[in-house]
Amino acid sequence: MPSNDQPLQPEVNAKPGSPSYGFHAHLGKTDFAAAVERVSAALKKEGFGILTEIDVQATMKNKLGIDVPAHRILGACNPKLAHRALMAEPDIGLLLPCNVVVRQDADGKVTVGLIDPIAMLQVTDNPEVATVAREARERLQRVCTALAAG
C-alpha cells in the first residue's frame, strides 16, 4: 500500500476481465430484495449509510420501455471519512459517494460491485484524500469479504 506521499494506485483485480476500478462479491441465486438488504447491513457495519438508491431496472422500464434484470446503484457514504475528505479538498464532493451496485445476472445470480475509492480518488494528489481513500477501500473490502463469505 502506498504511503501518504506516493500517488494512489488501484490494485488490479486477480480475475481476468474484471474492471480495475472496483471489486466484486458473488452471492449466487438469492432473492434480490434480500440481497440489497444484506448489502446495506454489511455497509452499515463498516460505518456507511445509503444516501441514494437508483433502481436501474425501473428507470429503464419507465424511460425507455426496456426490460432489464434487477439492478440497483447504492450511493454509500461514511460520514466521518466524507467529512475528512471534504475538509481536505472541498470539491472532492464531485466524486462522492462511493457507489455500490447490486445486480442480477442473466443466470439469476446476484453480483455486488463496489467502487475502489483509490481508483476513484486518484485524480487528486492531496495526501489527506489519499489517506481517506485507503481507509474507505479497507472498509469496502471488508464489506466485500463479508458478503462473499455469506
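These numbers come from a predicted model, not from an experiment.
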> Out of curiosity, Asp116 CG to Leu121 CG, how far, rounded to the nearest 0.5 Å?
9.0 Å
> What are the two closest heavy atoms between His24 and Cys144, and how far apart are they?
O-SG, 3.2 Å
> Let me confirm one number: the CG-CD1 distance from Leu74 to Ile115, rounded to the nearest 0.5 Å.
13.5 Å
> Apply side-chain hydrogen bond (donor to acceptor under 3.5 Å, both in side chains) to Gln57 and list each qualifying residue two or more places apart in sequence or on a separate chain.
none
> About how many Å separate CG of Asn78 and CZ of Phe48, when rounded to the nearest 0.5 Å?
5.0 Å
> Is there a path of hydrophobic side-chain contacts, each under 4.5 Å between heavy atoms of I, L, V, M, F, W or Y residues, that connects Phe32 with Ile54?
no
> Could I get the full list of side chain to side chain contact (heavy atoms under 4.5 Å, CB included) partners for Leu51, not counting sequence neighbours?
Cys77, Pro97
> How far does OG1 of Thr52 sit from CD1 of Ile73, to the nearest 0.5 angstrom?
8.5 Å
> Same cluster or not: Val143 versus Ile50, using hydrophobic residues (I, L, V, M, F, W, Y) connected whenever any side-chain heavy atoms lie under 4.5 Å apart?
yes
> Under 3.5 Å, which donor-acceptor pairs do the side chains of residues 34-44 form with other protein atoms, sequence neighbours left out?
unit_1	atom_1	unit_2	atom_2	d
Arg38	NH2	Leu147	O	2.6
Ser40	OG	Val36	O	3.1

> According to side-chain hydrogen bond (donor to acceptor under 3.5 Å, both in side chains), who are the partners of Glu46, at least two apart in sequence or on a separate chain?
Arg142
> Kindly state each residue pair satisfying salt bridge (charged side-chain N to carboxylate O under 4.0 Å, His left out) with at least one member in residues 66-78, sequence neighbours excluded.
Glu53-Arg72, Asp55-Arg72, Lys61-Asp67
> What distance do Leu114 atom CG and Arg137 atom CZ have between them, rounded to the nearest 0.5 Å?
12.0 Å
> Residues in side chain to side chain contact (heavy atoms under 4.5 Å, CB included) with Met87, at least two apart?
His83
> If you look at every heavy atom in Pro117 and Ala136, which pair is closest and at what distance?
CG-CB, 3.7 Å
> Is any side-chain heavy atom of Glu135 closer than 4.5 Å to a side-chain heavy atom of Thr131?
yes
> Who clusters with Val132? Use side-chain heavy atoms, under 4.5 angstrom, across I, L, V, M, F, W and Y, and order the result by chain and number.
Leu81
> Taking C-beta and beyond as the side chain, do Lys109 and Leu27 meet within less than 4.5 Å on heavy atoms?
no
> Applying salt bridge (charged side-chain N to carboxylate O under 4.0 Å, His left out), which residue pairs with at least one partner in residues 24-33 are found, sequence neighbours left out?
none
> If you look only at distance, which donor and acceptor atoms sit under 3.5 Å apart when one is on a side chain in residues 89-96 and the other is two or more places apart or in another chain?
unit_1	atom_1	unit_2	atom_2	d
Glu89	OE1	Thr124	OG1	2.6
Glu89	OE2	Thr124	OG1	3.3

> Excluding sequence neighbours, so at least two apart, what forms side-chain hydrogen bond (donor to acceptor under 3.5 Å, both in side chains) with Asp105?
Arg103, Thr111
